[in-house]
Amino acid sequence: QVQLVESGGGLVQTGGSLRLSCGGSGFPFDDYAIGWFRQAPGKEREGVACISSTTLTTYYGDSVKGRFTISRDNAKNAVYLQMNSLKPEDAGLYHCAAGHTACSFYGGKYYYMDYLGQGTQVSVSS
């Protein structure tokens, strides 16, 4: 049974930091690219970041470049999203996703990956 489980969301003040985690099971985790996308009420889904399976190449959405860092630990079947200098516009439900194709294939639309998690909520107070 494939599972992707996110954790680490919460409420933080503007300028603060959060570290999200994504744990995977039921599939060969180290063969899959892992992406993060977010969705806020009334807004379209937005690709946030992605990390490839073997070369560990990273990709970031324009709105988070320089503030967010994605990393992975294949020994733990985990991917992390370090979010710094958070802004109110970063608030939303953050999902991780796993795809058996390179990050670049998705063009930032990581919600089209093979497996999706249920999400963890991030709130940023102004």
Side-chain angles (χ1 to χ4, degrees):
Q1 179 185 357
V2 171
Q3 278 194 314
L4 283 171
V5 180
E6 303 92 338
S7 61
L11 173 64
V12 65
Q13 290 186 331
T14 296
S17 298
L18 282 174
R19 188 192 193 211
L20 306 184
S21 298
C22 170
S25 61
F27 64 100
F29 189 85
D30 51 0
D31 287 344
Y32 280 67
I34 306 294
W36 287 92
F37 67 95
R38 64 190 181 189
Q39 185 158 28
K43 293 185 179 180
E44 292 188 358
R45 290 172 295 185
E46 179 186 8
V48 174
C50 189
I51 186 165
S52 66
S53 58
T54 51
T55 63
L56 305 185
T57 304
T58 57
Y59 301 80
Y60 296 96
D62 288 340
S63 63
V64 307
K65 281 179 182 175
R67 300 188 297 123
F68 291 13
T69 303
I70 189 171
S71 61
R72 68 189 294 163
D73 184 344
N74 286 337
K76 296 182 178 179
N77 280 15
V79 166
Y80 308 101
L81 185 68
Q82 178 67 43
M83 306 188 298
N84 298 330
S85 302
L86 282 162
K87 306 174 182 180
E89 52 264 44
D90 292 317
L93 189 62
Y94 281 69
H95 301 262
C96 66
H100 205 209
T101 310
C103 289
S104 57
F105 174 80
Y106 298 96
K109 297 180 180 179
Y110 307 125
Y111 37 87
Y112 287 134
M113 283 182 162
D114 301 305
Y115 308 122
L116 307 182
Q118 294 297 308
T120 185
Q121 185 69 42
V122 171
S123 302
V124 184
S125 63
S126 56

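Below, all heavy atoms of this structure are taken into account, side chains as well, without hydrogens, waters or symmetry copies.
- Contacts of C50 classified as side-chain contact (heavy atoms from CB on, under 4.5 Å), with partners at least two apart in sequence or in another chain: A33, Y59, C103, Y110, M113.
- Here the side chain of D73 pairs no donor or acceptor atom with the backbone of A78 at under 3.5 angstrom.
- The distance from atom CG of L93 to atom OG of S123, rounded to the nearest 0.5 Å, is 10.0 Å.
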Check against side chain to side chain contact (heavy atoms under 4.5 Å, CB included), K76 and S21: CA-CA 11 Å; K76 296 182 178 179; S21 298; over 6 Å; no
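- If you take CD on Q39 and CZ on R45, they are separated by 6.0 Å, rounding to the nearest 0.5 Å.
- A continuous path of hydrophobic side-chain contacts links I34 to V2 [ILVMFWY only; heavy atoms under 4.5 Å].
- Heavy-atom contacts from other residues, nucleotides or ligands closer than 6.0 Å to OH of Y111 number more than 12.
- Here R19 contributes atom CZ and T69 contributes atom OG1; the two are 11.0 Å apart, rounded to the nearest 0.5 Å.
- Annotation: the span from W36 atom CH2 to H95 atom NE2 amounts to 10.0 Å, rounded to 0.5 Å.
- Taking the six-membered ring where tryptophan is involved, the planes of Y32 and F27 are perpendicular, since the angle between them exceeds 60° and thus also 30°.
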Sequence neighbours left out, cut at 3.5 Å: what donor-acceptor pairs do the side chains of residues 79-89 make with other protein atoms?
unit_1, atom_1, unit_2, atom_2, d
Q82, NE2, N84, OD1, 2.9
N84, OD1, S17, OG, 2.9

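- Here the CG-OH distance, from L4 to Y115, works out to 9.0 Å after rounding to the nearest 0.5 Å.
- Remark: the backbone N or O of S52 is not paired with any side-chain donor or acceptor of T57 at under 3.5 angstrom.
- Enclosure of atom CD in Q118 is not indicated, since only 12 or fewer non-hydrogen atoms of other residues, nucleotides or ligands lie within 6.0 angstrom.
- In the hydrophobic cluster analysis, where Ile, Leu, Val, Met, Phe, Trp and Tyr join through side-chain heavy atoms closer than 4.5 angstrom, F68 is grouped together with V124.
- Cluster annotation: L116 is connected to Y112 through the hydrophobic network of ILVMFWY side chains, with a link wherever side-chain heavy atoms come within less than 4.5 Å.
- Every side-chain contact (heavy atoms from CB on, under 4.5 Å) that N74 has, sequence neighbours left out, goes to F29, D30, R72.
- Looking at heavy atoms from C-beta onward, D114 lies in side-chain contact with H100 at the 4.5 angstrom threshold.
- Taken to the nearest 0.5 Å, the CG atom of L56 stands 10.5 Å off from the CD1 atom of I70.
- Closest heavy-atom contact between A49 and Y60: CB-CD2, 3.7 Å.
- Closest approach of E6 and C96 over heavy atoms only: OE2-N, 2.9 Å.
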